[in-house]
Each structure stands twice: as structure tokens, then as C-alpha cells.
> 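Input: one structure, supplied below.
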Amino acid sequence: MARDSQSEPREAQPAAPDRAGKLARIGGAWGTLIAGGVLCIVLAVVWLPPVARYYVPTPNVASDAVAAMRSAPADGILDEVSGQSLAGVPTVSDAETLRAANRIVEGWYEPAALPPVRVGPGFRPEALDVPSATASLFVAGFVPVGILLRAYRLTGERRYFDAARAYVVEFAGVERGSWLPRGLLWNDHAIASRINVLTGFWRVLRALPAQDRVAEDATVALVARGAAQLAKPALFIAATNHGVMQNLALLQAAIAFPRLPGSDDWKRVAMHRLRTQFGYYASPEGVILEHSAGYHQFGVTLIAIALRLAQLAGEPAPPALGARYVASVDVLASWRRPDGTLPSFGDTATRAEPARGLAAQGATAPLVTLPVQRPEAPAQLLPVSGYATFWTGLEGWPQSDRLAQTSVVWSYFRGHGHKHADEMSLVIWAGGREWLSSVGYWPYDDAANKRAVSWGGSNAPHVVGERVDAARDTRALSWAAGEDKFFLDLERRGPDGAVVRREIVGVAGGRWIVLDISRTPGDRATRRIWNAGPGLRWRSEGATYAAGDDTRLALAIASDPPAAATIYSASRDPFAGWLVVDGRVVPGSAIAVEQSGNGWIVTSLALGARGAASHGVPRAQISSPERWSVALGDVDVVREGERLTIGRGTPVVLTPVPDPSTERERLAVAYERAVAAYPTSRDLLYYRKRATLVLVGAAVVQEGGFAWIRRKSRRLAGVLRLVSITAWLALGAWLGLVYLV
């Protein structure tokens, strides 16, 4: 009897994929391992970019190359290159150097106006972690080593060199063993300064009777690794003087250590980038476009070093750089006073510093100290750069009691360094002291820095509440200058259609008239803050104000509508009455003049001996910016269109200022092209550390949750693990592409 076909046993079929089993495995130990791998990937996204940014291999320098550099280049070349300091530290006397060196031997570096730093004996890595960025820069830039070397040259005492050697060797170990920047270990300015100091160290080291291979290896490794970092495109700061110093340090390294691997490339890279930067670093008028008299003087030295190093390297200098250097020296001469101080606009220190520049032979000779020279003319107008300087009493140079200097600034080049909101402000120096000041070089470590570089740091007229980064444009419209008088007419167009006009008149005998006319959206209030110079205090004397003792500056205002004047000292709101003197923030004295609505304000300033007749409140009739009259004591100043009459003198025809737009646009285009060619990234180490803590904490909590879920259902744990892995990968992409950029 036949069997039912349906009762026949079926042939076994392949088993379907065991999805539940796979999910269970993913929900177990395998999933934990995968999650650990994904966490490592995400942490790599967080930390690999800064590691890769700074990483450079340590070159293997052949012993014969080191032996050759023990005698070449000549000692004179090393002495010259090491003397081209890039540190930016204040000049100190021999006695101060020895005092500082003795403390460094004991392990303490005590920079002026900054907290002391425990750097040794030898070198302590913790010295890189000091709160002050300036102190950290000096530590990483080998300023203590430079002090020790100078003390060794002054005295011949071996203990100073031994302390410098220990610093270099131990620092080299820290630097070579680091994967991430610590403090300013790999800051571009610090590296540039370090290479310069190491040149001087090598000069002494190779002259010792016995070879010191440990110190030699440390020196060449630091120079080679530092130069390799400075040459990396990702670390090049094209926008400011930092990039110039990077390139100069590359040339210094190539000249002082010619047998190091890559030295020819360093010269090529440095010269190429310098040609790019000098298209916008200095204007055709010779001004270093970093919004500061102090940084102009520093820039004069940097250009001189560039020209000299190009000569030593056998490289052609950037086109037209020689002419711009000559012009920059002329500008410096118009700003330097007989005592060597500079007007306090921008990041400018109060302390006079010697200026270094080219000798009379030009770039064929080492740099020299530039003497303070009498300005060639009593007036200098720089409409492209945005500055004007007026002198009276030059026939009495250098007798300070017969001299007066008025400096006016309206420079603003977006992206360039050290900008303060100070357009149309003026600084007055007379009789050997600064009577009207700007706040000066406020420490960047200080929490109030952003307010100090805003409108309260100078006497620039501005709309109350105006942002420091708001788009604005200032132009000089007309001017006139003679031996005993000057005039300047400026106009600033700010946000939302605000227009502020400032006209400045200077009259021989120490008298100034400042006319501000404002038109603001919604009749918003305007303010200007008259900061007295160091050591001066404003006081009210009825309807006028005065500062000074035997000689005093009197200030009075007339306005329509009425303006309110208030004396402030060390005020935070409004920010007024502050100065930086010798690197320290000190209370100052300021008069804040505020006016509600559109109108005009005349501010008169008169300098004279105590007890002299007061000029009182100015009497003004203002019809328009081009038609007005002001009576100050016995002197009437009248403007009628383009004619200005002072007292009974012959009317002066005002000269229109040529429109600088074309040249400014050319500078802006050159700047933007360079910045686009060398984009920079931020380390964001604080945010990377914070993200790491959050990631690790989240992973620990997650695994605790998965341990509990697995006890309930391995399959559910597997499903959630897949979701978790996807979420972690998405988080890594967000961190790398959005948060940490």
C-alpha cells in the first residue's frame, strides 16, 4: 500500500539567520567591546586634530653636521642673529639683569609687573601652566635663558651658563615628550623667541673647551623641531606680526644652523611668506598697520631684521620693502618724543624703549640703535593709514618745555592686530608729559581687557552702547597746518546711519578746540571720555575743569543741547578713569561728557601756568560743520566753508584730503588673500577636555545601564546597543564637524 506523500519526512532546510541570537550576542560582551571601540573612535575625533596640528618628527642630525656647525657660521654671525631679539620684553639695565639672573639660578623668574614664576632649578614643566599668558610666553620663549646668557657674558661666571644649560636640556625633554600643547609651549611667538635665544646659547656652547653632546643634541632638536612647526602652513599666522616673527625665526635658524635638515626649505618658505605679508603689513606711507605706536616701532625693527636676514641668506628682499622701511622710520620720528616715549594710542606702553634699525650702510651691516631725531616737518598727515601728527615749538627741539605734540588716530584695518575703538581720538603731549591719554597697553590676561580696548579707553566720540566690532568707516576730509597752528576735519560713519564729525584746531601757546557734531539714529546719546595723562587728576573749578599743579590743563565745554560732564576714577560703568603705567593697571582720572540727542559739543583745552588768566567757557555759534565760530578767551576761530581764520591772522584755505579708498581696498584684498591661503584652526583644548569628561562619564553610565538591561533581556540590550552605537558615531561626527571647529 502506497504511503501518503504528505507523510514522507521532508528534507532538512537551511536554518534561517538567528537574529535573536545575534542581538543577544551584541547585547552581551561583543557589544561592550564594540562600544569600547566606538568610544575610542570618538575620542580620536576629539584629540587627533591638535596632535596632528603640532606633530613634527624629530630629525636625525648627523654627527658630522653637528661637528661642522661647531665652527660655521662665524661667531660674528651668531652674535648678530642672537642679538635680533623677537621676545618683546622690556629693556633692562646690566644691574637689573644680574639681579634677575641670580633669582633664576635660585629657581625663580620674576618678570616686571607680573607674578613670579618658579621655573627651576633647571626647568620645571609646571612653569608652563602659570595663569598669566604673558609670563607663560616668556617662559616658553626662553627669556630666562636669555637673561642667564647675558649675565654670563657680563661676568664670565659659569653658574649662569650652567643654569641656562639645565633649563635648555630639561625643557627639550619636556618638549620632545609632549603630544599636546601645554601652556604656550608651542605658541608661534614663543617658538620664534626660543630659536633666537638658542642661537645665542649655541654660540656660547660651541666655544667651551669640552664638547657637551647632551646640550648639543637638546639645542639642535629644539631648533629643528621648532623651525619645522613654524614652517607648517596650518600653524602660520598670516594676519599679524606673529607671522612676520615666524618667518624671521625661520631665516635665523637657517642662517645660524645651516646644516640642519630642512634649512634650505626654511629660507624658501620664509621668503615666500614674507613677500605675501609685506603686501599689507605696512602701508605705502610706511605705517605698520597694527593700530599702535608701540607696534609700529616694533614693526620698524622687524622690517629691518627682515632686510638684514635676506642679505645674510643671499635672498632678494621683497619688492619695495626698502622704501617702506625708510618711510616707516620717518613715521617713527614724527611720533617719538625727545624722551623716547610714544603716543599712547592702541597697545602702546608708557615706558620708552630703544628702537633698532638699519645702519647708514643699509642691510649690508648689522642693526643699530636708532637715535631719537627731530621730526622733519611740524605736521604729518597719513590718510591711507589713518593718522595725523602736529608739532609746535620744533625750533626748540629737543627742549621738552618748548614742545607740544598732538597725535590724532582714525586707523581701522579689520583683522589686523591690536585695534582699540579709538577713531578720531587725540593724544596731547606738551612740556615733557602726556596730558590727554588713551588707556595704553592693557594686559590681555585681565578680565577687563575687552572693555579697555572699547570706546571708554580713549576720547573718541561714540554712540553710547556702540559695539567695538561694529562696521564703521572714518575719513579725513580736509586739513591745514602751519608753524603755529593746525586744523583737521574727520567724519566717522557708524552702524545704523550714525554720523559723527570731529574738527580739531590747534593754536600756538597750548590751546586746542575740538568740535564734535553728531547725528545718531533715534537721537541716541553720544559720549566722549577725556582721560588725563599719568599722574594727573581732573578737578572741577566752577564751570571748567583742570588737571595739573604748577602747569595745568584747563578743559571747558559748550554744547547744544546741553551735555553732562562727570569726573570718574577707576569706574567700571561707564568704563572710565583707567591707565596702564609700566605694565600695571592703575586708577586714572577722566571726564565723561555725554549728550542726549543730535547736536554739537565744543571742548576747549588750554595749557598754562597756575594762576594764569583762565579762558573760561568757549562761546560758540555752530550753523553746520562747515560754518561755525568759537571764541576762546581773546582768540576767535571762524570756519566759513573751506576757509579758516584764527584770531586776526590771514585766513587759511583748507586742503581737501585725497580719498584713500583705492589704496585701502588694495591692502584689504592682499590681507584677505593671505588669510584665505593660510586658514588657522583653534585648539579648543578646554572644550576637548570637557567633551572627554562628558564622553567618558556617559560611557560609564551607559554600561551600567546595559548591565542592568542584560539581566532582563539580552535581545533588548542588543537592539539598544545598535541604537547606541549609531548615536555615538553621530555624536563623533557632530563633535568633529561642528562643536570642535
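This structure is a prediction, so every number in the text was calculated from the model and none was measured. When a residue number appears, it is its place in the shown sequence, counting from 1.
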> Can you find a pair of side-chain heavy atoms, one from V223 and one from W202, that are under 4.5 Å apart?
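In short, these two side chains do not touch, never coming nearer than 4.5 Å.
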> Considering non-hydrogen atoms only, spot the tightest contact between G122 and Y167 and give its length.
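What the structure gives for the nearest pair is O-CD1, 3.6 Å.
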> Between W186 and S178, do the side chains contain a donor N or O and an acceptor N or O under 3.5 Å apart?
no
> Between V269 and F236, is any pair of side-chain heavy atoms under 4.5 Å apart?
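With C-beta onward as the side chain, the pair stays apart.
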> May I ask you to decide if D445's main-chain N or O and N449's side chain share a donor-acceptor pair within less than 3.5 Å?
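Flag not set: sc N449 to bb D445 has no pair under 3.5 Å.
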> Does R176 have more than 12 heavy atoms from other residues, nucleotides or ligands lying within 6.0 Å of its CZ?
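Counting neighbours around CZ of R176, 12 or fewer heavy atoms of other residues, nucleotides or ligands fall under 6.0 Å, so no.
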> Once you round to the nearest 0.5 Å, how far does CG of D473 lie from OH of Y412?
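The OH atom of Y412 is 10.5 Å from CG of D473, to the nearest 0.5 Å.
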> Without swapping roles, check the side chain of W47 against the backbone of T692 for a donor-acceptor pair under 3.5 Å.
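Pair absent, no side-chain N/O of W47 close to backbone of T692.
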> Do any N or O atoms from the side chain of R275 and from the backbone of P319 form a donor-acceptor pair under 3.5 angstrom?
no
> Is it true that atom CZ of R414 has more than 12 heavy atoms of other residues, nucleotides or ligands lying nearer than 6.0 Å?
yes
> Give me the atom names and distance for the closest heavy-atom approach of R714 to G28.
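Closest approach of R714 to G28: NH1-CA, 3.3 Å.
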> Rounded to the nearest 0.5 Å, how far apart are CZ of R70 and CZ of R206?
11.0 Å
> Are the ring centres of F201 and F142 closer than 6.0 Å?
no
> Within this structure, what is the CZ-CD distance for the pair R165 and E170, rounded to the nearest 0.5 Å?
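Answer for the CZ-CD pair, R165 versus E170, is 9.0 Å.
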> Can you check whether L720 reaches F706 side chain to side chain, under 4.5 Å on heavy atoms?
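Yes, their side chains come closer than 4.5 Å.
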> Ring centres under 6.0 Å, that's the criterion: do H291 and H418 meet it?
no
> Is it the case that the side chain of S713 and the backbone of I709 share a donor-acceptor pair, with hydrogens and angles ignored and the cut-off at 3.5 Å?
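No: the side chain of S713 does not pair with the backbone of I709.
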> CD/Q229 to CG/N187 distance, rounded to the nearest 0.5 angstrom?
10.5 Å
> Should we say atom CZ of R666 is surrounded by more than 12 heavy atoms from elsewhere, each under 6.0 Å from it?
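Yes, enclosed.
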> If you look at every heavy atom in P443 and G583, which pair is closest and at what distance?
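Heavy-atom minimum between the residues: CG-O, 4.2 Å.
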> Take L735 and L695, measure what side-chain contact (heavy atoms from CB on, under 4.5 Å) needs, and give me the verdict at the end.
CA-CA 11 Å; L735 287 171; L695 291 170; 4.0 Å; yes
> Check the pair I195 / L230 against side-chain contact (heavy atoms from CB on, under 4.5 Å), numbers first and verdict last.
CA-CA 10 Å; I195 288 176; L230 294 180; 3.8 Å; yes
> Would you say the side-chain atoms of H416 pair up with the backbone N or O of E290, donor to acceptor, closer than 3.5 Å?
no
> Passes side-chain hydrogen bond (donor to acceptor under 3.5 Å, both in side chains), Q702 versus S724? Steps please.
CA-CA 9 Å; Q702 172 185 273; S724 169; 2.6 Å; yes
> Would you say that more than 12 heavy atoms from the other residues, nucleotides or ligands in this model lie under 6.0 Å from the CG of D469, or not?
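Yes, the 6.0 Å shell around CG holds more than 12 heavy atoms from other groups.
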> Answer whether the closest heavy-atom distance between the side chains of V741 and S681 falls below 4.5 Å.
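When only atoms from C-beta onward are counted, S681 and V741 do not touch, as no gap falls below 4.5 Å.
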> Under 4.5 Å between any side-chain heavy atoms of L302 and Y281, yes or no?
yes
> Taking atom NZ of K450 as the centre, report whether more than 12 heavy atoms of other residues, nucleotides or ligands fall under 6.0 Å from it.
no
> Donor-acceptor pair, distance only, cut-off 3.5 Å: does the side chain of N196 make one with the backbone of Q84?
yes
> Show your working on side-chain contact (heavy atoms from CB on, under 4.5 Å) between L251 and L274 and close with a plain yes or no.
CA-CA 11 Å; L251 290 174; L274 282 174; 4.0 Å; yes
> Checking R182 against E175 for the salt bridge (charged side-chain N to carboxylate O under 4.0 Å, His left out) test, could you report, in this order, the C-alpha distance in whole Å, the side-chain angles of both residues, the deciding distance, and whether it holds?
CA-CA 9 Å; R182 182 173 182 179; E175 192 277 336; over 6 Å; no
> Enter the distance from L312:CG to I255:CD1 here, rounded to the nearest 0.5 Å.
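Going from the CG atom of L312 to the CD1 atom of I255 covers 5.0 Å.
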> Under a 4.5 Å cut-off applied to non-hydrogen side-chain atoms, are E126 and R118 in contact?
no
> Return yes if some donor-acceptor pair links the side-chain N/O of Y671 with the main-chain N/O of G415 below 3.5 Å, else return no.
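Flag set: sc Y671 to bb G415 pair under 3.5 Å.
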> Look only at the side chain of K232 and the backbone of Y55, and say whether a donor-acceptor pair between them is shorter than 3.5 Å.
yes
> Mark yes when over 12 heavy atoms from residues, nucleotides or ligands other than Y739 sit less than 6.0 Å from its OH; otherwise mark no.
yes
> Keeping R664 on the side-chain end and F413 on the backbone end, is there a donor-acceptor pair under 3.5 Å?
no
> Scan side-chain atoms only and decide if D347 and S292 contain a donor-acceptor pair under the 3.5 Å cut-off.
no
> side-chain contact (heavy atoms from CB on, under 4.5 Å) for F257 and T199? Distances and angles first, verdict last.
CA-CA 8 Å; F257 300 88; T199 301; 3.8 Å; yes
> For the side chain of D446 and the backbone of A448, is there at least one donor-acceptor N/O pair under 3.5 Å apart?
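A pair under 3.5 Å: yes.
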> Can you confirm whether W442 sits close enough to V585 that some side-chain heavy atom of one is under 4.5 Å from a side-chain heavy atom of the other?
yes
> Could you tell me the separation between the OH atom of Y441 and the NE2 atom of H420, rounded to the nearest 0.5 Å?
8.5 Å
